[in-house]
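Below: the structure, in structure tokens.
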Amino acid sequence: MAKLQPEDDRTHQLVTELESRLVVLEIVSMSALAMALDTSEGADPEQARALAGLIIETVEQRCQELGFGDHARKAAAGYAERLMGTAVASLYPTTQ
């Protein structure tokens with residue numbers, strides 16, 4: 001196995017820091033989302049789904065504004081859809 005060069009080691013450190021920050025941002029965003037979607041007894045699941053949809057649309061719009069390529073836009077949109085879908089499903093599970 002080849003030995004890591006200093007620039008490879010620095011890149012690895014930066015990627016690790018970025019991944020760590022993303023974990024924190026995911027937790028904060030999920031907590032804020034749970035509060036925004038309101039899971040109280042009188043909460044409206046349709047309103048929660050509408051908010052999740054608006055967030056997904058906004059992610060897609062922002063990616064376009066930033067000039068992201070197709071791969072980056074699809075990755076961001078897919079991630080947003082999974083994150084919102086998981087949040088809504090866990091906060092408002094359907095009864096079967």
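No experiment lies behind these values; they were computed from the predicted model shown.
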Under 3.5 Å: donor-acceptor pair, side chain of Arg82, backbone of Gly78: yes
Distance (rounded to the nearest 0.5 Å) between Glu19 CD and Glu17 CD: 11.0 Å
So which of Asp9, Thr11, Val15 actually passes side chain to side chain contact (heavy atoms under 4.5 Å, CB included) with Gln13? Asp9
Say you draw a straight line from SG of Cys63 to NZ of Lys74; how long is it, rounded to the nearest 0.5 Å? 13.0 Å
One should read off an interatomic distance between Met84 CE and Ile56 CD1, to the nearest 0.5 angstrom, of 6.5 Å
Which residues, ordered by chain and number, are linked to Ile27 in its hydrophobic cluster, where ILVMFWY side chains connect at heavy-atom gaps below 4.5 Å, directly or through other members? Val23
More than 12 heavy atoms of other residues, nucleotides or ligands under 6.0 Å from CD of Glu65: is that the case? yes
Looking at every heavy atom in both Leu83 and Ser29, which two are closest together, and how far apart are they? CD2-OG, 4.3 Å
Side-chain hydrophobic cluster, 4.5 Å single linkage: members besides Val28: Val24
